[in-house]
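Reviewing the structure listed below.
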Amino acid sequence: FLRIIRLIKPYSGYAMLNSLFNIIAVVFSLFSLTMVAPFLDLLVLKGGDEYAKRLADGKPQFEISIEWAIDSFYYYFTSVIMDPDKGKLYALYIICILVVVMFFCKNIFRYFAMFFLAPVRNGVVKDIRNTVHDKVSRLPLSYYSDERKGDIMSRMTTDVHEIEWSVMSSLEATFRDPVSIIIYLITMIVISPSLTLFVLATLPVTVLIITRISKSLKRTSVKGKEKLGELMSVMDETLSGLRIIKAFNAEDSNQQKFTLLNRRYTELMNRMLRKTDLASPLSEFLGACVLVVVMYFGGRLVLAESETLSAALFITFIAIFSQIIPPSKSFTNAFYKIQKGIASAERIYSILDAENHIKDPDHPKHIEQFSDRIEYKDVSFSYVRGDSGYVLRDINLTIPKGKTVALVGQSGSGKTTLADMLPRFHDPTHGDISIDGISLRDLKVRDLRDLMGIVSQESILFNDTVFNNIAFGYPDATREDVERAATIANAHEFIEGLYGGYDFQIGDRGSKLSGGQRQRLSIARAVLKNPPILILDEATSALDTESERLVQDALNNLMQNRTTLVIAHRLSTIQHADEIVVMNQGVIEERGTHDQLLTNRGLYKKLFDLQAFK
Ligand code: ADP
Ligand code: MG
């Protein structure tokens, strides 16, 4: 809860204005209630003697105190009554006007308070959403293989929403209600300390009873949710297993199972409804009891005609007491809601607090351009930290500048994993990878990734225009830059044919384009970035033969004068690579040029023959 409160800091100005206007509103509401006293005075005190006595004392001496304020008010009020031109009806008229004005002011200020609360409430939620989204895009890929995507999505949306509705909507109450309760309480103490003490004495009993009930209500509601879940899963199984239920004549027994669960659930819901319904009459009765206590002891004070409490003041006291109940109620309500919201906040903070172990070094080394070689040295890798199930073992690999190294091997042999370590999507568990002799861990992640372009099997595009997808990450790119990149990527022609050309909206993940077109857009994106190092991970495997040719041409354009790590499914596409590395179950089984490997008669030859048959 404190962490959420800290989020308010940037909006503290607004929050302060909110509190200020709330306090002013409470004060006005208080004033309007104190009008009850002179009003009763006016109705009950019939004789003129009392009034004359008050005026006889003269105008009260000025001092800053509540007594002075009350006395001066009564002085003027009485002088109006005693004025032969004005009289009691005129005084009544004044009271009515005053009450209306005060209620008007109270509500104006109440509105101001809410007016300034809006930016606080929405601002905090906006900030949470921003930080979560930022963190989610910065966390390493490995974080997402351990978490369920749906769960993360629900944290980003539902739980943020829950915070907005439970915490933020109750936030004002947690600041406002205690203030109004305290202001009302102080007034009650001023009117009658002993009576206020009686009220406070009954408080613990009331609180105890109410929390008892709400706790047992919560228990029943949790049980109810579980039972409902069971019920839903039976319905689900019935629907999906309909064929089997019918084939085995199991309708009756299945129905029996359902009926039993349904009856249990209904019983539980009955209990819950009855408890919920108990809350309202109970709290009303408790309130009435407290009121009776106040009436009895207050009434005794008034009847004793003690100096401390007049009938009019006593009625005012009760009026103010009645005003304390709504904020107390909304305060306890806010308390429960915040408890609910904190559960959501914890889910969100578990994302925000997740450690990102792929981070910049404290003293990063600089690399302006790639000039010599990439080197994998005794690299082993396991997806689960501390696990011995290595996906890669003792990989030694050198990619000299300007050369093309190809990785081949069966699916699951670790090719993607090996390539992913170059842009530090994962760090090696053992061993090290270096560029020009500098370990990747000593480079700024940003600088490192600036050196590379990646084209993978599934083209990852965004629901935006063709132009923006190619210029992705380069907002300053000009139209010429983008068109040149598209031409190199064999994409310019088909883009011109689209409705709107470069401004064509490509749909979710590029759903309005064909697979080959999507892939050529990804290649154009890599061309525009113009990186010295290229990683191509099965860039053509998902395509049909026709578009594969177009994409392969585009790739050949892209690979010119660059250092490339290419993973290929179809061996024909990498025959001209400077070195071909054959992977098998996480280790390098063979390496060499195409011709060397064929004469080797090893795994490569076997794979090659298999494909040649197709
Ligand atoms: P390839 O690209 O050669 O088909 P991968 O590098 O994708 O192979 O996968 C190598 C091995 O690592 C596979 O056995 C796969 O099950 C495992 N693997 C891949 N990704 C993950 C992951 N995120 N978490 C755990 N294991 C993974
Ligand atoms: Mg792969």
Side-chain angles (χ1 to χ4, degrees), residues 136-153 351 354-358 374 376 378-397 399 404-431 433 440 452-460 515 518-519 522-523 526 534-543 548 551-552 555 564-574 577 579-591 597 602-604 606-608 610-611:
V136 160
S137 53
R138 276 172 209 285
L139 275 172
L141 289 177
S142 60
Y143 180 80
Y144 299 98
S145 30
D146 300 337
E147 302 275 338
R148 289 200 317 274
K149 206 186 259 166
D151 189 46
I152 293 175
M153 283 290 281
I351 292 186
E355 200 199 340
N356 186 354
H357 51 264
I358 298 190
I374 298 166
Y376 282 67
D378 299 325
V379 170
S380 298
F381 180 77
S382 149
Y383 275 105
V384 189
R385 279 213 259 180
D387 186 55
S388 55
Y390 286 107
V391 173
L392 292 175
R393 260 168 293 146
D394 302 323
I395 301 289
N396 281 294
L397 185 66
I399 311 173
T404 297
V405 171
L407 293 178
V408 299
Q410 279 146 340
S411 167
S413 56
K415 304 179 300 286
T416 300
T417 311
L418 182 72
D420 275 353
M421 282 196 279
L422 202 48
R424 278 191 83 190
F425 290 156
H426 312 292
D427 276 340
T429 313
H430 297 295
I433 305 172
L440 298 189
M452 340 196 148
I454 300 175
V455 181
S456 56
Q457 180 169 355
E458 67 232 79
S459 14
I460 295 170
R518 282 204 289 268
Q519 199 60 311
S522 323
I523 293 170
L534 259 186
I535 299 172
L536 307 176
D537 188 351
E538 312 214 22
T540 59
S541 331
L543 304 176
E548 183 183 358
V551 170
Q552 191 59 49
L555 284 175
T564 315
L565 180 62
V566 52
I567 301 174
H569 173 70
R570 233 180 297 273
L571 302 182
S572 54
T573 58
I574 46 107
E579 186 180 24
I580 297 171
V581 173
V582 187
M583 308 266 308
N584 187 21
Q585 299 191 349
V587 294
I588 295 178
E589 174 120 348
E590 279 181 304
R591 60 209 309 169
L597 288 171
L603 185 59
Y604 184 80
K606 239 194 304 187
L607 292 171
F608 187 79
L610 274 175
Q611 291 195 355

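This one's a predicted model, so the numbers in the text were calculated from it and none came from an experiment. Read the numbers this way: they start at 1 and go in the same order the structure lists the ligands and their atoms.
Within a 4.0 Å radius of atom 18 (N) of ligand 1, the protein contributes one or more non-hydrogen atoms.
A 4.5 Å side-chain heavy-atom check between Val587 and Asp394 finds every atom pair outside the cut-off. Using a 4.5 Å heavy-atom threshold, the side chains of Ile351 and Tyr143 count as touching. Looking only at side-chain heavy atoms (C-beta outward), Glu538 and Lys415 come within less than 4.5 Å of each other.
The shell of residues lying under 4.0 angstrom from ligand 1, judged by heavy atoms, excludes Gly409.
Ranking protein heavy atoms by distance to atom 23 (N) of ligand 1, first place goes to Ser145 CB, 3.3 Å. At the shortest separation from atom 2 (O) of ligand 1 among protein heavy atoms lies Thr416 OG1, 2.6 Å. Scanning all protein heavy atoms for the shortest distance to atom 14 (O) of ligand 1 gives Gly412 O, 3.8 Å. Summary of contacts: the protein heavy atom closest to atom 5 (P) of ligand 1 is Thr417 OG1, 3.6 Å. At the shortest separation from atom 26 (N) of ligand 1 among protein heavy atoms lies Tyr383 CD1, 3.2 Å. The protein atom (non-hydrogen) at minimum distance from atom 8 (O) of ligand 1 is Gly414 N, 3.3 Å.
Of all the heavy atoms in Met421 and Leu440, the pair that sits closest is O-CD1, 3.6 Å. Smallest separation of non-hydrogen atoms from Leu392 and Gly414: CD2-O, 3.6 Å.
The aromatic rings of Phe381 and His426 sit tilted relative to each other, their planes meeting at an angle between 30° and 60°.
Backbone or side-chain N, O or S atoms of Thr416 reach the Mg ion (ligand 2) at under 2.8 Å.
The structure places CG of Leu555 at 7.5 Å from CD of Gln519, a figure rounded to the nearest 0.5 Å.
Proximity of a side-chain donor or acceptor of Tyr604 to a complementary backbone N or O of Ile580 within less than 3.5 Å is not detected.
Backbone and side-chain nitrogen or oxygen atoms of Glu538 are examined, and none is located within less than 3.5 angstrom of a nitrogen or oxygen of ligand 1. Among the atoms of Val391, none of the N or O lies under 3.5 angstrom from an N or O of ligand 1.
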